[in-house]
*Asks:* 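Can you keep this structure in mind? I'll have questions shortly.
For clarity, every value in this text was computed on a predicted model and none was experimentally measured. Throughout, protein chains are lettered first and strands after them, A, B, ... in sequence-line order, and every chain is numbered starting at 1.
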Amino acid sequence: MAQCAQSAQEFIQNAFGPMVAVLCSHDAEVLCQKNNLSFVEMVRPFCKLNTEAHIRDPAGQVLTLRSLKIIVNEMNMQPPSPTIVRKMMNEAVSNAQLPQVAEGSRTNVLSVGDYDLQISSSTPWYEAYRELFLHVAQVPSTHEYLKHFIACLLVVSSSHADPMDQFIKLSTQQNQHQFNSKTSYPKWFNNNIFKYYVLVHDVAEGDEEKADGVYQSMKSSFGTHACHLLKINSRPMHTTTEASEFTNADQGSLPNPWSQFISKKIDSQEQGEGEVSNSVSGAADSSPQIDHSAFPSKVSEADPGPPVMNTMDSQPLLTRVESEPLLNIPDRDEPSLIRVGSAIHMTAGVPHISSNNINASLPQDVENKETLLSLQTQHHSTASTPTEVFSHPLSPENEEKEVAASFNETTPPTLSAERTTPPPPPPNVQDADVMNKLNQRPTVSKSSLDSHGVCLTLSDHDRLRIFIHEFTVRGLLGYIERQIRVLSEQLASRKAIHRSIFSATKKWFGGNKPSNQASHIQSTVGIKYPPESPENQMRRLGDLSFLVQNYELAYQSYHSAKRDYNNDNAWMHYAGALEMAAQSLFMQGNSQRPFPSHYMENCITTYLGTCKNAHFATRATILSTEILKAKNMYAEAAMQFIRMTSEDSDLRSALLLEQAAHCFINMKLPMVRKYAFHMILAGHRYSKSGQRKHALRSYSQALQVYKGKAWTLAEDHINFTIGRQSFNLKQLDNATAAFKHLLTNDSRQTPPQQAAFLREYLFVFKQQLTQATSDGSPLAGILPQLPLPLIDKPAIKVLLGSTVKVKLPEGKTTANCLSFDQVYNADCVDRWKDLEELAVSVSSRQNSLPSAFKPTVQLFSEHTYNDTNPIAVVGEPVSVEIVFVNPLKIPLVLTDLSLIWKFSPMRYLIGNDENPEQQSNVISNESGNGAKMSLADTVIDTQVIQEFVLAASEKKSIVLTVTPQQTGELHIMGVGYSLGTTSPPNTQSANAENKENVPNSPMVPKNPLKKPSYVSGITVRGRQDLDVQGPRLNTSKNERSSIVYGPDRRLDPIIAPPMPLLNVIFSKFPTSMLCGEVQQTNVEFINRGKCALHKLFVSSKNPEFFTFGLMKTAKQENQQIYRTLRKDESNNEHVCKALELSFVTQVPLPDGQLLPDSSVTLPMWVRGAETAGTHQVEMLFYYESVEENAKMRHRVLHHTVTVQTSNSICLKTTAKRGCAINKESKSLNSDDSLLVSLEIENMNQVHDSTITEFSIEQVSCASKQWSLLHLSTDHESDIKINPRETCFGEEVVFTNVMFNNSAQINSSMTPCSDFYFWSKGMSPSVLSLLLNVKSTSSTPKDILTPDTDTDTVGSIEDMKSKLQSAVDVGLTVIVLWKAFVVTDDGSCQVITGQHHVPISVLDQQESSQPVSKTMDLQPPIKFIKQIEIPKDDDTSDELLSQLVQYTMEYNEIIQHDFSRSRLCLFTVQLHLHNCSQSNLQVIINTVNGNLYDSGYRAEVDDTDPSTYYPSNVANNSAYYTWVGQNSVQMSIASSQSRTVQLRACFSKPGLYNLGRISVCILKPEFPTGVRNKRRNSQDSVDAKDAMTTTGAVQSIRQRQSGPYLVTVNDTST
Amino acid sequence: MTGNYYFAVVGHHDNPVFEMEHSSLAKGADVKKDDHRHLNQFIAHAALDLVDEHMWTTSNMYLKIVDKFNEWFVSAFVTAGRMRFMMLHDVKNEDGIKNFFQEIYEIYVKHSMNPFYEPNTPVKSASFERKAQFYARKFLTS
């Protein structure tokens, strides 16, 4: 709480004092006016007794009075009307503000739990209110005598012609007033009040002897104790005006005792004004500030009537003279007020308000305090008579220049000319000394000194003091003492009767509970006791003794009075007695009786409930809470405060609520949240009563508690109120900040509420900006930061290059897949990076990448590594995508969006990479300055987006672009825009106005309103920064343990010198194809850049998809995809150079380079992929500038093609060894011919959307060795494939077989052969190899190449290859086809295409349709390491069983007469041919041929049609046997044939199979060393190996090529 | 019995973790309620002081009515983990509120078991809200 300046005791004592009326004759008043004071005012500062006084109580005990204060008032004064009182209170409260909180001593920081609160330690406004309430607003009531005049001072001047007569006149006047007047005020204590006669004598002018004479006669007629001669005005008037210098010097140390009692209002208003100016120019707090800040508390301290008392108490060591200055708080007075007839004169410490002043100020809006002030000062000035000594309203310690200036302005010039005293000089050294002496009490205000009491010397002051002392001690106290005695005697005599009769009977017969008479309450509230009734006398006694500090007696009196009142149901009296009883008990200060807090409770409830007298209830509360606080009963105090809050007075409620809040925080366990809540309530009431500053302060106090606790609605309310109040107080910064909170917080308000908030915010913000511009503050040029909408900063993307799509004619597409909607895909990025690396390494003709290589990135987002600056090219746009998030439930309108950037131009030269030449200073478009902006526009084109609407709660992105025109470093700093709301259409006219007022930057387009529907009523131009935080670093330990973020430079591109810019346009690029379909498209390469380009490469991971062909074929007629041969040159065989498939293809450019703005068109063939489905082909175009560029070596262009392929045909081929016997040589020449069977299947499915028919155009064969002949339809008679050895190194022979007799297609020409070569390259080995590895021979041999290269292994390989050659084919069948496609809509199309089937091995079916892979089942996870059995790398049995080909030559039909001979002998020639290129050992075995046990038998499936194993025949073949040599072993050299004669013997006619023979070879010997080594290396012993090692030699049975049937006929019959 | 209720779960830093308003009146009264939605928060927040005081005086979790402001009563419930359930109500319904608190305590404990829920942060679970509303209807409307 609010620590009050006074203790509770002091406060209560000061609240009451003996009231003395003053009746002054006119001449005396005139005399006093020389000092610019009325008599009452003159006396008032001395009304507090500094010395002790003594009084006897009825029992004769002497009591000591300390610091007795008497209250002197004009007799004729009327209490102010309630409206004026209210006005005064309002002003008193609003003028009492907390000093600036600059010094730590003023605020104490309180930590409770989680809360750290800054709480002001004092509440001067409450004290001001309290003083005003107790001393001004207090109206004397009939139920108590505390405010009744107890004495009257009759004042006459010695200059009066007949003072004695005047005294008598005054006395009768008083009597008339008391007894005959109809007015209810003033009230008198009793019938014979104490009268005191004062003769005022002007020492300077008056006749001293006359005065003395009059005084003597006064003494004789009124008594010595009842009269006084007061000599004042020792200093002549003229000297004061002449020698103000002198007075200053002379009385420099003299404070002005009147300052604080007169016209406080102006004073404190200027104080408030000073504060405002302080807050404006905060730096003005210099040395006088100490006084200044101490000011309000001092005012309130000395404010209550008795002036000196507490200062004396607190500083008893000071001498009297020194203590005087303590009173003199520097002040600025308006002397004129006192004279103005209509001026209302108040009691001590009350602002004097002239009626015209009020009239003037009443119509004023309270908001305009400044104007009010100036008006008031003007009123005062004009009201003052010209002869008046004009005082400067400002005291030296409040010399705010601005205030002074403003005052001077408002003062009419005539008046300032008439000033008799110059403005006071600043406090000099003397002042400083005094200041130190007085413990930094306020310094003397000389100007104030001049204004009041100019004619009074120090001795005059002493005389005044003596006068009061005399009056009090000699006169008043004696009178009171007598009164008390009389009253107590009266009461004592009556008490007996009273008690015995009334109370006793009441006790016995009536209920003793006052509540019993509750029904009579209404009737008895207004009970009137006769003035001299015993109850009232008792009360009088109590009041009197209370006033003279006889609290014991007072308590007894109150206590008994209370009982009587209670019995009589005189509730008002009862409550008053209770109140005073409690207070006197408290003031006794003894601890015997506990403080009866229930008295006070009771009193307040009675006042409030029964009597409905809020005024007295308030007084009781104020007093009671002070006591409770003194007794540390804060909770009860808070309750009392809260009870007194009601609807009738907002100001009072506000003040009391605030006090309650302070009580809560001062409790032993501080109740912070209660505090905050009641501060809010208080603030609310303050704002209702127009106390804006206090409302703002209260809410700000409370905000400390609510801030950041997620009580969003409450916080919104607080922020909103703070914003409003700050705005009203012209604290626009605070207002904007508060409103900003409303918008940025996670709002739970309704949309209309949010819209209102936003409007309010924009309005205030705009006001702030206009103010800033008008003030010319440095803020004016800078765009303010806007809080809305939110920007998703990590999601900012930067794209280098244009995003604008060029409109192209139908069927054309550009190769540019750059766009912001690209989803980041790490794989994708890696793929592009690989492609780029390939292109770079090919272009640089090095196997390794250049060290400085960095992949080109064009789209920077949160996923890319942004630790280096992006490199953009001059003249090409840099686009930024910003994601705006609207957190509100209302739409937001952003207009005139543009990027804000900073640019430092540089010139990049080759070889000067490190320190590029700095050209000039940084250019920016931040400021709205016109000249700068035009410069900025020449450097960089900034795109402006007119309007961008964010719907409620929407997240939307916008792309903003800048196009740099110079090289240098660009920093994109933020986005500037005008924020507005949607507005109803009827405010459109206002819109236009507002729009113009917006501090536009020149970027804002000139055309005013395009769509008025969306342009809002209020727009504010502002900006938001785009500062992107980099990724959190995690590499070093330091980075891991602390939070370190890396840089993010995506918004700081380097603008590089010009580069070529390639544009690729595909025309008629197919999007859906059949598998293997071939189409031709044209590609146009355009250079849109400023330099020529060369070294154009295309890099792709799917090079088989497209081909550019050769330059010479470019000029081809477009109709036919394949070139046909003319009939005359239709040679079946064509030889051409083999091409290599490579991932990087150079695009043949006409002159090797492409000039700027030129284009070249090339044909391109595309072939559908082998498998159906969607295929994405990524193509990367790589190119370099012809000129050297310091910042950029090359550029790339990405293009992704998506092609849908559908099934077409499937080819299956098998190559078999032809087994014709050469008739001439009578031997096998099986290695010279192959039988190729081709099976073609239409894969077109029923459910496919197209119906496709295929016809085969031509089948070509491409091989190094083979050429193809047609078997079925060829006109040549020979049904065989001619052997032909064609070994032309790397050249390939194409042989064609046509199926229709139209023109033969040249399969060795561009598209066809290219795709053939590409298809070869598709073998997985090539794909797996790095590109720069030479991969020429893609024969199956290489496939099997193991990764060892030792010599022995090499020999194994050699051996293997020799064996392998037995089955190698190395031939590719190319099928060119034509398809007739009927699509869904019925249109027909003819499509051509080609398929390739490579045949590598004999007897193996190959399919063009890749076998659909079955899902690879993950092998079960093994926890124990299993020794892997390496696959035996021996040549397979499959291969070994085909090494020797054999056939039998015999007569198929044998005629034999079994009657002649029982046995038929028969000779068979067995031809054997070694197909391999190594020597072989062959074993021919005729015994147990069919039972021959070999591994092969088990492996060969019986159902295999290729092996004819006559197992069922075996049972019946007992009639046939081989005779003669039944086992032959021989060796056959490579590629040699041998013939063996075998003899068979038949015993019966029949059909026999001669295949019961086994031809085996001994397994070729591998070099043993390696073998053993291998054996040893692998520990596992598998069965097969065991067999080979134990059994001497493994023999492998050769495959039989067919059944050898022989028919044996019996010719016997 | 008709009445307006405002329920809040308050975390350790005096931050509301969960808030719910319940009115047994028809929906028509919503418009009027809008004006003093913030007042509910103020009252509940201010009553925390008294809750903190009361909770040491009893071993019960349910503290009954701890505070009054104008027509509002504030009942409170303090969980073992010192989460404070505050209930503003303008009619007396001691049993209903007690039961309501118990059920909410139940579901709150369950919710706080969720490893993804960080204590003292706003409860954003839809099912929690649904259940709370269900219990409000069950115990506070009767």
Side-chain angles (χ1 to χ4, degrees), chain A residues 112-115 634-635 638-639 642-643 645-647 657 660-661 663-665 667-684 699 702-721 742 745-754 756, chain B residues 4 6-21 27 30-57 66-74 76 78 82-84 86 88 118-124 129:
Chain A
V112 185
D114 295 345
Y115 300 97
Y634 286 109
M639 286 308 121
I642 292 167
R643 190 189 308 137
T645 58
S646 59
E647 289 303 316
L657 280 168
C663 285
F664 282 121
I665 203 77
M667 287 167 70
K668 207 180 283 168
L669 284 171
M671 291 189 161
V672 186
R673 291 152 288 199
K674 282 269 177 199
Y675 164 78
F677 182 41
H678 286 91
M679 282 311 261
I680 293 287
L681 292 173
H684 180 65
Y699 271 100
L703 185 61
Q704 297 179 43
V705 175
Y706 287 98
K707 205 171 200 167
K709 296 280 183 200
W711 297 93
T712 47
L713 291 171
E715 217 177 318
D716 281 356
H717 171 77
I718 296 170
N719 274 320
F720 183 67
T721 315
L742 289 176
N745 269 356
D746 200 6
S747 178
R748 279 167 57 198
Q749 304 287 351
T750 53
Q753 193 65 44
Q754 287 183 344
Chain B
N4 293 314
Y6 165 77
F7 170 68
V9 179
V10 182
H12 295 167
H13 310 302
D14 289 357
N15 52 325
V17 164
F18 178 77
E19 289 179 86
M20 185 181 72
E21 280 170 61
K27 296 289 172 210
D30 285 326
V31 187
K32 189 193 62 140
K33 264 168 55 186
D34 239 21
D35 306 338
H36 53 85
R37 272 162 71 207
H38 61 266
L39 193 62
N40 288 341
Q41 290 195 340
F42 279 127
I43 298 170
H45 183 260
L48 289 174
D49 270 325
L50 292 169
V51 173
D52 286 356
E53 206 175 270
H54 273 69
M55 59 191 248
W56 303 111
T57 62
V66 293
D67 198 6
K68 263 187 273 189
F69 182 82
N70 291 355
E71 79 272 21
W72 291 100
F73 303 102
V74 185
V78 183
R82 214 185 79 96
M83 297 300 285
R84 287 155 295 180
M86 310 294 292
L88 260 67
E118 201 177 311
N120 269 324
T121 53
V123 175
K124 284 180 176 150
E129 202 163 322

*Asks:* Apply side-chain contact (heavy atoms from CB on, under 4.5 Å) to residues A:Met671 and B:Asp52 and explain how you reach the verdict.
*Replies:* CA-CA 10 Å; A:Met671 291 189 161; B:Asp52 286 356; over 6 Å; no
*Asks:* List the residues meeting salt bridge (charged side-chain N to carboxylate O under 4.0 Å, His left out) with B:Asp67, not counting sequence neighbours, and say none if there are none.
*Replies:* A:Lys674
*Asks:* Can you run down the salt bridge (Lys or Arg N to Asp or Glu O under 4.0 Å) pairs that involve residues 39-48 of chain B, sequence neighbours left out, and say none if there aren't any?
*Replies:* none
*Asks:* Go through the steps for A:Arg673 and B:Leu50 under the test side-chain contact (heavy atoms from CB on, under 4.5 Å), then give the verdict.
*Replies:* CA-CA 9 Å; A:Arg673 291 152 288 199; B:Leu50 292 169; over 6 Å; no
*Asks:* Considering only heavy atoms and a distance below 4.5 Å, find which of B:Leu48, B:Asn15, B:Asp14 pairs most often with chain A.
*Replies:* B:Asp14
*Asks:* Can you tell me which portion of A:Leu681 sits under 4.5 Å from chain B's heavy atoms? Options are side chain, backbone, both or neither.
*Replies:* side chain
*Asks:* Take B:Phe69 and A:Ile642, measure what side-chain contact (heavy atoms from CB on, under 4.5 Å) needs, and give me the verdict at the end.
*Replies:* CA-CA 11 Å; B:Phe69 182 82; A:Ile642 292 167; over 6 Å; no
*Asks:* Where does B:Val17 contact chain A at under 4.5 Å (heavy atoms): side chain, backbone, both or neither?
*Replies:* neither
*Asks:* Measuring from atom CZ of A:Phe677 to atom CG of B:Asp49, what distance do you get when rounded to the nearest 0.5 angstrom?
*Replies:* 11.5 Å
*Asks:* Under 4.5 Å heavy-atom distance to chain B, tell me which part of A:Tyr706 shows up: side chain, backbone, both or neither.
*Replies:* side chain
*Asks:* Of the non-hydrogen atoms in A:Lys709 and B:Pro16, which two are nearest, and what is the gap between them?
*Replies:* O-CD, 2.8 Å
*Asks:* Got a second to check how far A:Ile680's CD1 is from B:His45's NE2, nearest 0.5 Å?
*Replies:* 10.0 Å
*Asks:* CD of B:Glu71: more than 12 outside heavy atoms within 6.0 angstrom?
*Replies:* yes
*Asks:* Given that the side chain runs from C-beta out, which part of A:Leu669 has a heavy atom under 4.5 Å from chain B: side chain, backbone, both or neither?
*Replies:* neither
*Asks:* Answer whether the closest heavy-atom distance between the side chains of B:Phe42 and A:His717 falls below 4.5 Å.
*Replies:* yes
